[in-house]
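Everything on this sheet refers to the single structure shown next.
Index from 1, following the sequence.
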Amino acid sequence: QVQLVESGGGEVQAGGSLRLSCTVSGRTFSSTAMGWFRQAPGKEREFVAAISGYGGSTSYADSVKGRFTIFRDNAANTVYLQMNGLKPEDTAVYYCAARVFVVVRTEPDEYGYWGQGTQVTVSS
């Protein structure tokens, strides 16, 4: 059974930083593409960032480019989302997701496994 466990959410002031972590168990992690998505109240879930299996490529939403960085530690079966320069509009529940393929995708439907979500709140 594949499990994704997120941590690292919290409340921070605008301009601050947070690092989210997502640890995966139950499947071969190194070849698994991983993504981060977020959902704000009343809005649809949206793509934030993704990294391919083996870490060869990454993709970011335009809204977070230059501020967020996704990276992975295959030895620890963990993917991270480093968030700098946080803005109030980044407030949302953040989810990590895994897909059974190596290649990055940005659509939620392309991911078969999801974490429980972690709240990020950015105050102005």
Side-chain angles (χ1 to χ4, degrees):
Q1 183 177 359
V2 179
Q3 288 189 316
L4 287 70
V5 179
E6 298 131 336
S7 62
E11 185 167 354
V12 65
Q13 289 190 331
S17 299
L18 284 173
R19 177 179 290 185
L20 306 183
S21 302
C22 174
T23 301
V24 180
S25 61
R27 67 169 281 108
T28 303
F29 178 75
S30 59
S31 61
T32 301
M34 300 295 299
W36 285 98
F37 295 79
R38 66 187 182 187
Q39 188 166 17
K43 295 188 177 181
E44 293 187 353
R45 190 168 298 189
E46 66 173 0
F47 170 74
V48 176
I51 186 167
S52 64
Y54 306 111
S57 64
T58 57
S59 180
Y60 295 92
D62 288 342
S63 59
V64 307
K65 277 181 183 176
R67 300 188 298 123
F68 290 11
T69 303
I70 186 171
F71 59 101
R72 64 193 297 158
D73 180 349
N74 287 336
N77 282 11
T78 299
V79 63
Y80 302 91
L81 184 68
Q82 178 65 44
M83 305 185 293
N84 299 329
L86 283 162
K87 304 175 181 179
E89 51 264 43
D90 294 319
T91 295
V93 177
Y94 283 70
Y95 299 89
C96 83
R99 64 189 309 263
V100 297
F101 304 103
V102 172
V103 179
V104 165
R105 290 288 185 266
T106 63
E107 292 297 322
D109 289 348
E110 296 284 351
Y111 291 78
Y113 305 99
W114 292 82
Q116 80 285 357
T118 185
Q119 177 70 45
V120 171
T121 302
V122 184
S123 57
S124 57

**Prompt:** Is there a salt bridge (Lys or Arg N to Asp or Glu O under 4.0 Å) between Asp62 and Lys65 once you walk through the steps?
**Reply:** CA-CA 5 Å; Asp62 288 342; Lys65 277 181 183 176; 3.2 Å; yes
**Request:** Would you give the length of the straight line joining atom CD of Glu46 to atom OG1 of Thr106, rounded to the nearest 0.5 angstrom?
**Result:** 11.5 Å
**Arg19 side, atom CZ; Met83 side, atom CE - distance, nearest 0.5 Å** = 11.0 Å
**Message:** With a 3.5 Å distance limit and no angle check, can you tell me whether Tyr111 reaches the backbone of Ala33 through a side-chain donor-acceptor pair?
**Reply:** no
**Request:** Work out which heavy atom in Leu86 is nearest to a heavy atom in Val12; give both atom names and the distance.
**Result:** CD1-CG1, 3.5 Å
**Message:** Are Leu20 and Tyr60 linked, directly or through intermediate hydrophobic residues, by side-chain heavy-atom contacts shorter than 4.5 Å (ILVMFWY only)?
**Reply:** yes
**Prompt:** With the 4.5 Å side-chain cut-off for hydrophobic clustering, are Leu18 and Val48 part of the same group?
**Reply:** yes
**Item:** Inter-residue atom distance Gln82.CD - Ile70.CD1, 0.5 Å rounding
**Value:** 12.0 Å
**Prompt:** Which atoms form the tightest heavy-atom contact between Gly85 and Arg67, and what is the distance?
**Reply:** O-NH1, 2.9 Å
**Item:** Ser57 backbone acceptor or donor facing Ser52 side chain under 3.5 Å
**Value:** yes
**Request:** From the options Thr78, Asp73, Thr23, Asn74, select the one residue that forms a side chain to side chain contact (heavy atoms under 4.5 Å, CB included) with Phe29.
**Result:** Asn74
**Message:** Tell me whether Glu6 contacts the main-chain N or O of Gln116 through its side chain, where contact means a donor paired with an acceptor under 3.5 Å.
**Reply:** yes
**Prompt:** Is the side chain of Thr58 donor-acceptor paired with the backbone N or O of Ile51 at a distance under 3.5 Å, no angle test?
**Reply:** no
**Request:** Let me know which of Val79, Val24, Asn77 forms a side chain to side chain contact (heavy atoms under 4.5 Å, CB included) with Leu4.
**Result:** Val24
**Fill in**
What one should report as the nearest heavy-atom pair of Gly9 and Val120 is CA-CG2, 4.2 Å
**Message:** For the backbone of Val103 and the side chain of Arg99, can you confirm whether one donor and one acceptor N or O come within less than 3.5 Å of each other?
**Reply:** yes
**Request:** Examine Met34 and Tyr113 and state if one hydrophobic cluster contains both, with Ile, Leu, Val, Met, Phe, Trp and Tyr joined whenever side-chain heavy atoms are less than 4.5 Å apart.
**Result:** yes
**Request:** Quick one: closest heavy-atom pair of Ala40 and Ala92, and the distance?
**Result:** N-CB, 3.8 Å
**Prompt:** At what distance, to the nearest 0.5 angstrom, does CH2 of Trp36 lie from CZ of Phe47?
**Reply:** 12.5 Å
**Asked** Any side-chain heavy-atom pair from Ser63 and Arg38 closer than 4.5 angstrom?
**Response** yes
**Item:** From OH (Tyr54) to OG (Ser31), nearest 0.5 Å
**Value:** 4.5 Å
**Asked** Does Trp114 belong to the same Ile/Leu/Val/Met/Phe/Trp/Tyr cluster as Val93, with side-chain heavy atoms less than 4.5 Å apart forming each link?
**Response** yes
**Request:** Is it possible for you to say whether Val122 and Tyr94 belong to one hydrophobic cluster, with membership spreading through side-chain heavy-atom contacts below 4.5 Å?
**Result:** yes
**Asked** Hey, do the aromatic rings of Tyr95 and Phe37 have their centres closer than 6.0 Å?
**Response** no
